[in-house]
Amino acid sequence: METFIQLRRALHQIPEPGFKEFKTQQLILSYLSTLPSERLEIETWRTGILVKVSGTNPSIRIGYRTDMDGLPISENTSYAFQSQHQGFMHACGHDIHMAITLGILTHFAHNPHQDDLIFIFEPAEEGPGGALPMMASAQFQKWKPDLIMALHIAPDYPVGTIATRPGILFANTSELFVDLYGTGGHAARPHQANDMVIATSHLATQLQTIVSRNVDPLDSVIVTIGKMTAGTKQNIIADHGRLEGTIRTLTLAAMEKVKARIQSMVEATAIGYHCKTEIDWGCSYCQVENHVKPTQHFMHWAQAQPDINLVECSVAMTGEDFGYFLREIPGFMFWLGVDTPYGLHHPQIEPNEKAIAVAIQTMCNYISEIRQSDS
Ligand SMILES: CC(=O)N[C@@H](CCC[C@H](N)C(=O)O)C(=O)O
């Protein structure tokens with residue numbers, strides 16, 4: 001297992017933004033070149049990688065997917081192997097996900113499964129989303145799996161815990177970018193300007209009323225503005241403001257309703273503040289909806305494993321473009337406990353590396369037992 005901890009640490013040092021995972025791709029390809037090659041076929045797609053490990057008597061293809069990209073966060077961990085890419089960090093566990101995937105792949109490269117195994121290294125999960133374009137690629141279509149699985153680290157659960165549920169696991173998402181254009185000017189002459197600090201901050205506050213005033217209290221919806229920018233200097237009235245956020249819902253109907261309210265509020269801001277506005281909805285992900293039969297099969301199996309504490313969890317408002325794989329292919333995603341007080345996307349998150357061995361062991365054992373009737 002030491003190899004995969006070292007791989008995780010090497011990957012942790014080179015977090016890269018979506019579709020720019022060049023060093024990450026190279027590191028993985030270079031590791032793959034050390035494995036026995038008889039059963040391996042490797043394809044690249046943009047900065048992603050697909051690996052087929054041929055089975056001994058294949059009747060189905062079993063897929064396992066990891067994400068690859070880092071986040072624009074300045075790391076503040078106590079690690080000796082901190083990110084070497086200033087302002088970027090693996091703060092969502094994708095370094096751990098990749099190391100686990102390499103661990104499972106390595107096991108089956110040495111101990112072939114009866115069926116073909118397809119390992120998918122997907123770029124740009126944090127945005128703009130690698131899943132949909134990767135699924136449309138010739139490389140993916142050639143090896144399209146009949147069953148697909150993935151995991152995500154869970155800071156809240158202890159090591160040894162696996163949590164999942166049949167049905168919806170993660171929410172629908174849409175990004176949100178709003179630009180406001182007014183007239184700049186001298187701080188002492190506000191009557192000759194049109195201040196976008198005021199318009200932008202008013203809009204940011206107003207957007208927070210959507211969840212409390214427009215959404216059924218029994219629905220779950222989130223409108224988060226993660227970034228607000230405006231202005232250039234303390235004594236210059238700003239001619240431009242920008243909001244960047246994300247919307248989360250558990251139904252597409254709720255997503256449409258929230259977007260319609262945002263549209264109205266942005267248009268009303270343009271009228272009210274005599275400014276120009278532009279909305280860009282960025283990328284959107286469909287919900288991660290676990291298929292009932294394979295999820296229950298995995299949960300029954302996991303429940304019987306002495307080293308695993310299986311939890312049937314509730315829905316989370318996180319998003320994941322793994323939902324697009326599950327829209328076409330039966331399968332499931334699950335949480336892997338990594339026991340750290342800091343949450344996903346936090347600069348101090350330090351997942352417990354013991355979870356790497358837990359996940360590799362669990363998935364090697366589980367995949368070894370999968371038969372065609374389970375897919
Ligand atoms: C697991 C996780 O944290 N996923 C991200 C996905 C982001 C999707 C997109 N960039 C957005 O912000 O809407 C998440 O923030 O949940």
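The shown structure was predicted, so the numbers you read here are calculated from the model rather than taken from an experiment. Every number for a ligand or one of its atoms is a count from 1 in the order of the listing. The figures here come from the full heavy-atom set of this structure, side chains too, leaving out hydrogens, waters and symmetry mates.
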Taking any residue with a non-hydrogen atom under 4.0 angstrom from an atom of ligand 1, which ones do you get?
->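 The 4.0 Å shell around ligand 1 contains C92, E125, E126, H152, T173, E175, T246, R248, Y285, T318, G319, H345.
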Mark yes when over 12 heavy atoms from residues, nucleotides or ligands other than E2 sit less than 6.0 Å from its CD; otherwise mark no.
->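 Yes, enclosed.
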If you look only at pairs with a residue in residues 113-149, which of them pass as a ring-ring contact (aromatic ring centres under 6.0 Å, His included), with sequence neighbours excluded?
->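 As it turns out, the ring-ring contact (aromatic ring centres under 6.0 Å, His included) pairs with a partner in residues 113-149, which skip direct neighbours, are F108-H113, F140-F325.
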Are Y31 and I5 in one and the same hydrophobic cluster, where Ile, Leu, Val, Met, Phe, Trp and Tyr link if side-chain heavy atoms are under 4.5 Å apart?
->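 Result: yes, single cluster for both.
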Would you give the length of the straight line joining atom CH2 of W45 to atom CD1 of I120, rounded to the nearest 0.5 angstrom?
->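 It comes to 11.5 Å.
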Straight-line distance of T249 OG1 to M317 CE, nearest 0.5 Å =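 Between T249 OG1 and M317 CE, I get 6.5 Å after rounding to 0.5 Å.
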Reference residue F170; test ring-ring contact (aromatic ring centres under 6.0 Å, His included); the match among F322, Y285, W335, Y324 =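 Filter result, single survivor: W335.
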